[in-house]
Structure formats: structure tokens, C-alpha cells
Chemist: 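For reference, the structure I am asking about is given below.
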There are 2 protein chains.
Amino acid sequence: MAEKSDVIFVGNKPPMSYVLAIITAFSSGNAKEITLKARGQAITTAVDVAEIARNRFMKDLKVSNITIGTAEMPPREGENKSRMVSTIEITLTKE
Amino acid sequence: MAEKSDVIFVGNKPPMSYVLAIITAFSSGNAKEITLKARGQAITTAVDVAEIARNRFMKDLKVSNITIGTAEMPPREGENKSRMVSTIEITLTKE
């Protein structure tokens, strides 16, 4: 499984950094499937990344699965309640 | 179809407004399925809305489908290139 499925965590970098990571992972030859994981505001970036990769660079890329969920985050400094954030996982498969 | 599938467009309002819209639509009795549509930064809000509705208010709600895509937006004033924005559609089904 390890060489067949890779995970890329999407954060605050520009979308193109993650698009490049996808292209690199697929062209290294081992990956057949890559999962983008993001939470909070980065969810929008993750969707952008998937769309840019698919429409502009790798036409044979398919979105094979999308899952949403909720994760608990530790409280910020000075706060004492933990926060809930939404998460997304987008799986891209090369045909 | 019209009374079985409703669409809620998620924008810049607080997530709870949309959660209320979902609860209202389902409890009016006709809707079996509701689709949340959002684009750009509102994608994160749409995921939050689905998660809040499902975890806090309607435990029998299921995410039956998620689709992502790209839409072309007309250029902003003073610009002459149209922009691409990512979109999401989240379908919620009551069991």
C-alpha cells in the first residue's frame, strides 16, 4: 500500500506548490493514487489544487473519492475550549 | 424531482444561517435530499455547514455525494481576463 497511495497535506502555500507535488509524485512512477488532505480555510486551496492539476496539467487524472469530516483542534493560547474544524480528503487517481 | 431535491447556495453569511435553511427544508417534509452549492472561499463554509448540520442537529443526515468543479467568472471591473473559480456540490440525504 505504501508505494501505491501518497498523502499530500495542503496548507497555506500557493496552490501551485501542491500541484507540482502531485505531478512529481505521479511521474516518479510509483504512485497510482494521491490523497490531498486539508482542514479549515485550506479546504478551498485543496479543491483549487485538484482542479488545476486535473484541468491544466494531467488530463488523465480523476477525482475518485471525496470525504469530509470534522477534527478537534487543541485550544489556542489563552483559550480553554478546543475547536472543531472541518476537514476534506480528495483522492486523485491516474487512469 | 422539484419537491425531492432542493438547492441551497452557500455564500458569505455565517454557517448557522445555512444550517437553519437545511433543517427548515427537511422539516417542511417534502425534501429528501438537499444540495449545497458553493464556490471560491465559500467552499470551506459549505463543508462546515454540512458537518455542523450532520453532527449537531440531524444525526440521520448522510453525505451522499460530493462533486468538485471549475466555473468561469466574468472579469472584475478594470480587468479584462475572466477568472476561474473552484466549485463544490455537497448532497445531503435524510435516511
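None of these values were measured; they are calculated from a predicted model. A note on names: the letters A, B, ... follow the listed sequences, proteins ahead of strands, and every chain is numbered from 1.
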Chemist: If hydrophobic clusters are built from ILVMFWY residues whose side chains come within less than 4.5 Å, do B:M73 and B:M84 share one?
Modeler: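 As far as the 4.5 Å side-chain criterion goes, B:M84 and B:M73 are not connected within one cluster.
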Chemist: Would a hydrophobic clustering, with Ile, Leu, Val, Met, Phe, Trp and Tyr connected at side-chain separations under 4.5 Å, put A:V49 with A:M16?
Modeler: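 Yes, A:V49 connects to A:M16 through the hydrophobic network.
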Chemist: Checking heavy atoms, do the side chain of A:R39, its backbone, both or neither come under 4.5 Å from chain B?
Modeler: neither
Chemist: Around atom CG of A:D60, are there more than 12 heavy atoms from other residues, nucleotides or ligands closer than 6.0 Å?
Modeler: yes
Chemist: Which region of B:D48, side chain (C-beta onward) or backbone (N, CA, C, O), has a non-hydrogen atom less than 4.5 Å from a non-hydrogen atom of chain A, or is it both or neither?
Modeler: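 Both parts, backbone and side chain.
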Chemist: Examine whether an atom of A:N55 lies under 4.5 Å from a heavy atom of chain B, and if so say whether it belongs to the side chain, the backbone or both; otherwise answer neither.
Modeler: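 Contact with chain B: side chain only.
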Chemist: Rounded to the nearest 0.5 Å, what's the gap from CD1 on A:I43 to OG1 on B:T44? Could you check?
Modeler: 5.0 Å
Chemist: If you compare all heavy atoms of B:I68 against all heavy atoms of A:A50, which two are closest, and at what distance to 0.1 Å?
Modeler: CD1-CB, 3.8 Å
Chemist: Should A:V63 and A:M58 be regarded as members of a common hydrophobic cluster, given that ILVMFWY residues are connected when their side-chain heavy atoms come within less than 4.5 Å of each other, either directly or indirectly?
Modeler: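 The answer is yes; both residues are in one hydrophobic cluster.
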Chemist: Between the side chains of B:E51 and A:T70, is a donor N or O closer than 3.5 angstrom to an acceptor N or O?
Modeler: yes
Chemist: Check each atom of A:I88 against the heavy atoms of chain B and say whether the ones under 4.5 Å are side chain, backbone, both or neither.
Modeler: side chain
Chemist: May I ask whether A:L20 and A:V10 are part of the same hydrophobic cluster, defined by side-chain heavy atoms of I, L, V, M, F, W, Y residues being less than 4.5 angstrom apart, directly or through others?
Modeler: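 No: no chain of side-chain contacts under 4.5 Å links A:L20 to A:V10.
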Chemist: Would you say B:I23 and B:I90 are hydrophobically clustered, going by side-chain heavy atoms of ILVMFWY under 4.5 Å?
Modeler: yes
Chemist: Kindly give the heavy-atom pair with the smallest separation between A:V47 and B:T87, and that separation in Å.
Modeler: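 Looking at all heavy atoms of both residues, the closest pair is CG1-O, 4.1 Å.
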Chemist: Less than 4.5 Å apart, side chain to side chain, heavy atoms only: is that true for A:Q41 and B:Q41?
Modeler: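 Answer yes - side chains close enough.
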Chemist: How many angstroms lie between CD1 in A:I66 and OG1 in B:T67, if you round to the nearest 0.5 Å?
Modeler: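 So the CD1 of A:I66 and the OG1 of B:T67 are separated by 6.5 Å.
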